[in-house]
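Here the structure comes first, spelled out in structure tokens, and everything after it is commentary.
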Amino acid sequence: MLNIDAIYMREINMPLAHPFETSFGVTTSRRILLIELKSEGLTAWGECVAGEHPYFSDEMIDTAWIITETELAPRLLDANLQHAGDVPDLLKQVRGHRMAKAALENAVWDLESQVKKVSLASLLGGSREIIPCGVSIGIQPTLEKVLEKIETELNAGYQRIKLKCKPGWDSHIFEAVRKRWPDILLSCDANSAYRMKDFDHIASWDQFKLLMIEQPLWYDDFYFHSMLQKRIETAICLDESIRNRRDALAAIDMESCQIINIKVGRVGGFSEAIAVHNAAAERGIPVWCGGMLETGIGRAHNIALSSLPNFSLPGDVSASARYWAQDIIEPEVTVSKTGEIMVPTDIGSGYGILRDRIEKLTVRKQMLRAKASVTA
Ligand SMILES: [Mg+2]
């Protein structure tokens, strides 16, 4: 039995070590909603990956905050939970708000792994001891800067380089990178920056032998991606379009993609992430774990998820130091010289929480308590 006594919601403000630019714009610091569950002396954590603006999806930290406070957390408090996998059913009356739901559900998985005294990775069904890591490189001020960044990341051991791209920042970049590194695993991510008029342009990228082109078209589309996939040799990978297992099944059946990026926040929590993983595995579609500029708490959860067997391509889960001057976990996430992260085998996520640091970064806090414990 998992009795949730209290839920602390907390907004922290963390400056990024380096600004990160995508086709949405530039991010210089992250406002992040953290969830802290209290249960019979145990403390478990979850991280909401919603951004400051509703640009990646229709969620943002402020919508996640209000939905968690008014709708989601109350459903979790006083519930008779046997297993973290029961959480989606408890929250299903609320439509959408998947990132807010994931923060709560994932914290319950963390709690359950502590109660059962197993690692989070093994509770999720993971079997990999190490996970291969890639990096995502944002849009840079100059081509030289991109080449410099790639060199740094390859020297650090990362196995796959992903370049954020947009119209005007694509072919000439890929060409220069390929000229210098003909054989590296190279992919690109457009975050929905292209349209049907760009099909011929995108088809010309086949010459660059990219591992994949991520979400080139509309964020909510399968049909036009399937048209594009028929026109090009390079695999399309869907990210934003895949909200759940049914979306994955539709996209695979329509041949809208050959690879799926799984983000646990985007699909609403570990239960749905596992369901997407399994559906893809059964159909021979490889998956990898995407990143959302997470702190160490979300990063540790991504590592646990990436230990599932069909996470066969290097993900965007990389070292804490690439993003933060100082993370909020210890030890920080580090990557080996061969571009791998060891999956922790300790109980829970396997990382300690730097509570003092979190306290210092906190800009608002709210405590919600189970009715049963108010009079206790
Ligand atoms: Mg993406």
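The analysis underlying the following values was restricted to heavy atoms, covering all of them including side chains, and did not include hydrogens, waters or symmetry mates. Whatever order the structure lists ligands and atoms in, that order sets their numbers, starting from 1.
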Metal check, the Mg ion (ligand 1) vs Glu214 N/O/S, cut-off below 2.8 Å:
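Within the cut-off used here (under 2.8 Å), Glu214 does place an N, O or S atom near the Mg ion (ligand 1).
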Of all the N, O or S atoms in Asp239, which has the shortest distance to the Mg ion (ligand 1)?
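Restricting Asp239 to its N, O and S atoms, the minimum distance to the Mg ion (ligand 1) goes to OD2.
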Closest to the Mg ion (ligand 1), which N/O/S atom of Asp189 is it?
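Nearest N/O/S atom: OD2.
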Between the side chains of Asp62 and Arg31, is the shortest nitrogen-to-carboxylate-oxygen separation below 4.0 Å, so that they form an ion pair?
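A salt bridge is present here (some side-chain N lies under 4.0 Å from a carboxylate O).
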With sequence neighbours excluded, what pairs up with Phe224 under the ring-ring contact (aromatic ring centres under 6.0 Å, His included) test?
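Phe224 satisfies ring-ring contact (aromatic ring centres under 6.0 Å, His included) with Trp218 only.
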Would a distance-only check, ignoring hydrogens and angles, find a side-chain to backbone donor-acceptor pair under 3.5 Å from Glu272 to Arg245?
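Indeed, once roles are kept as given, a pair shorter than 3.5 Å links the two residues.
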Apply the side-chain contact (heavy atoms from CB on, under 4.5 Å) test between Cys289 and each candidate in Asp316, Asn261, Val317; give the one that qualifies.
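It is Val317; the other options fail the test.
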